[in-house]
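Because the structure is a prediction, the values reported are computed rather than measured. Numbered from 1 within each chain, the chains take letters A, B, ... in sequence-line order.
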Amino acid sequence: MLRTTGGFWDPVLWIIAFIVIAIIAYIIRGFGRKDYKKGEQAKPYLSGIEEPSKEEVYVKAGNIYWGFIEALRGYYDAMMKIHTGIINDYVAWFVGITVILFIAIFLVEVI
Amino acid sequence: MNMDWLITHSPALLIALPLLAAFLTPIIDRVSKKARNAFVIAVLIIEEIIMILFAWDVFTNGIHIYTMGASNPTETVPSQAVVPVRIVLEVDGMGAFMGLISATVSLAAGIYSLAFIEEEKGKGKFYTLLLLVLVGMVGMEFTGDLFNLFVFLEVLSIACAALIAYRSHFGDAVEGSFKFLIISSIAALFVLFAVALFYAQYDLLNIAALASVMQYSHLDKIALALLVAAFAMKCGAVPMHFWTPDAYSVAPASITAMLVAASQASLYALFRVCFTLYGLTLNLEVIGGALIIFGLLSMFVGVTMAIPQKDIKRLMAYHAISQTGYMLLGVGVGLYLLAKPEFSSYGIKAMEGGIFHIINHAMYKGLLFLTAGAVYYRLKTRNLNEMGGLGHTMPYTAIFFIIGALAIAGIPPFNGFASKLLIYEAAYKVSPILSIIAMLVSILTLASFVKVFHSAFMGPKIHNVEEAPKSMLVGMAILTFVIIFFGLFPGWVVNHIVHPAAQALADQASYIQAVMGG
């Protein structure tokens, strides 16, 4: 058991709780309708259109989270701008941050 | 050879063993390739065993001192001198903790490499450099001498740069290595300049001796800025992280796992400088605040930059930056509170969370890079758009990936959850916004790895490839075992390994006393 600032964390207890909840969920599932047709009813309803093959509808990595990236377009444009891939810029950032640290360390003495 | 002798000489032995083995490897390579592989793996296993025995002794009995060249290794100050003049290795709980990480990741990487680089040329050089990386990491973590720290930093950086460019027939590998070398050289010069400033002022190079006379003069402040910037850059803190994805993504997968551990050696050096070299002389709010800001920026920028990536290793490299942010946040909160009464209640818990996260991250990020390497080994591409359905043909790799992904996202009951929970709760006490950002980053991390899992392992069977070779699976299994063990028994790990490390880092007086006496 791990003591934290506000309480504790016991993974063994968590796993036991998880198993108990999973068993209860399985029992509830058993109350479902028994006349469910496995093949026919499992198909998605596409307004009568034939379901395309899995290969055709498989979403590639490049399209995942498209909406998220579009919603944050301004942020990503700024980020892409500073990730130039040029070593001179990397060094400039490094030196710039060192200067900021200098200023922060010395400025606090003045203030 | 009895156990006492082994433990007494372990600090030197754990550096000398891989160092000598590194220079023997090219010779054995000339005789037999199989003998070379067996030799390297045997050395890594022996290193791991000695490291475990030694670390346990440090956690139980406290700091170990080893004075190089002295007839009595514990005699730090020669009879004719008043200060330590020889190189002193000083291993406290934090150093031993970091040594454990370095040895474990190196062992997993070494075993994994047996199959991974099977078709590459220059394997003798590869293993030589791999052992030198281990030398650099353990040297940085064990040394009690500031100039020696610089030397091991250089050993580590040069060996890492050569290994990043190992597959020199790829242009991006050479480019990544070149960038790493340039930025590392500048960081090393910063460190060297800081060392020179200390030597000019105090005539000292020993960390404990310097800490005992530290005045926090203007020169000390200049040295502090140089050291913090250099080590923060080397561990990949935003906004000095740009080299990280360039280097991590092009190195062989086993080396990328070692680069994670190497970056953590720099993180260790950053913490050692702040807590031990400067300690309470620091303006803790400024430097603690700087670490917290580096942490927040690293967490947020790292994870948001990971999400749009299509290169699996580049994506994981951004996550490595993001996870480093958690460590900086946790230990930064501890540093911020070091001189305050709250330190003993939640400051130390924040440090425990940050330090626990170091070892957790080394294990699950190492594992994730190894799974990415296994995918690359079979498909010869890092592009997620060209992957899919690998769960059908690489089920073990898929399982290892799921475990690593759930661990990094902080899903219970895996180890990432335990360390993040410690950080969330302690950081909340300083400011709720810190915890909110940390939790948001965890959610985005999970989202990002769902994308990778979907893109690489789910979907229809596209590629007719085989499972990864056995040695690669063994390398992944070692790290998986540690992840599950740490996940199931976080209380034991924190009490026996992490707490002694956090306590040692915060206890500057004991570190000084072990060398200077009194």
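- Counting non-hydrogen atoms of neighbouring residues, nucleotides and ligands closer than 6.0 angstrom, the CZ atom of B:Phe193 reaches no more than 12 such neighbours.
- The contact between B:Ile182 and chain A is made entirely by side chain atoms (from C-beta outward), counting heavy-atom distances below 4.5 Å.
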Take B:Met305 and A:Met79 through the test side-chain contact (heavy atoms from CB on, under 4.5 Å) and record every step on the way to the result. CA-CA 8 Å; B:Met305 284 304 290; A:Met79 280 291 123; 3.6 Å; yes
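- In this structure, the portion of A:Tyr65 lying under 4.5 Å from any heavy atom of chain B is its side chain and not its backbone.
- Counting heavy-atom pairs closer than 4.5 Å to chain B, the top residue among A:Val99, A:Val57, A:Ile15, A:Ile87 is A:Ile87.
- At a 4.5 Å heavy-atom cutoff, the contact between A:Val59 and chain B is made by backbone and side-chain atoms alike.
- There is no contact between B:Val493 and chain A, counting heavy-atom distances below 4.5 Å.
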For a ring-ring contact (aromatic ring centres under 6.0 Å, His included) check, start with the C-alpha distance between A:Phe106 and B:His218, then their side-chain angles and the critical distance, and finish with the verdict. CA-CA 8 Å; A:Phe106 279 96; B:His218 287 319; 5.5 Å; yes
Working for salt bridge (Lys or Arg N to Asp or Glu O under 4.0 Å), residues A:Asp10 and A:Arg3: CA-CA 9 Å; A:Asp10 190 338; A:Arg3 292 260 167 224; over 6 Å; no
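- Proximity to chain A is absent for every atom of B:Tyr428, based on heavy atoms less than 4.5 angstrom apart.
- By number of non-hydrogen pairs under 4.5 angstrom with chain A, the leading residue of B:Gly459, B:Gly487, B:Pro412 is B:Pro412.
- Both the backbone and the side chain of A:Val91 come within contact range of chain B, with heavy atoms under 4.5 Å apart.
- Residue-environment remark: CZ (A:Phe68) exceeds the threshold of 12 foreign heavy atoms within 6.0 Å.
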Show the numbers, then the answer: is there a side chain to side chain donor-acceptor pair (under 3.5 Å) between B:Lys234 and B:Ser184? CA-CA 7 Å; B:Lys234 286 287 287 175; B:Ser184 296; 3.1 Å; yes
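- Other residues, nucleotides and ligands contribute more than 12 heavy atoms inside 6.0 Å of the NZ atom of B:Lys313.
- B:Ile423 does not touch chain A: none of its heavy atoms, backbone or side chain, sits under 4.5 Å away.
- Heavy-atom distances place both the backbone and the side chain of A:Tyr90 under 4.5 Å from chain B.
- Cation-pi geometry between B:Lys221 and B:Tyr216 is met: under 6.0 angstrom from the ring centre, within 45 degrees of the axis.
- For B:Ile222, the parts lying near chain A are the backbone and the side chain together; criterion is any non-hydrogen pair under 4.5 Å.
- Residue with the most contacts toward chain A among B:Trp243, B:Phe489, B:Phe178: B:Trp243 (heavy-atom pairs, distance under 4.5 Å).
- Between chain A and the options B:Pro413, B:Pro245, B:Ala290, the largest number of non-hydrogen pairs under 4.5 Å is found for B:Pro413.
- For A:Tyr76, the part lying near chain B is the side chain, with the backbone staying farther off; criterion is any non-hydrogen pair under 4.5 Å.
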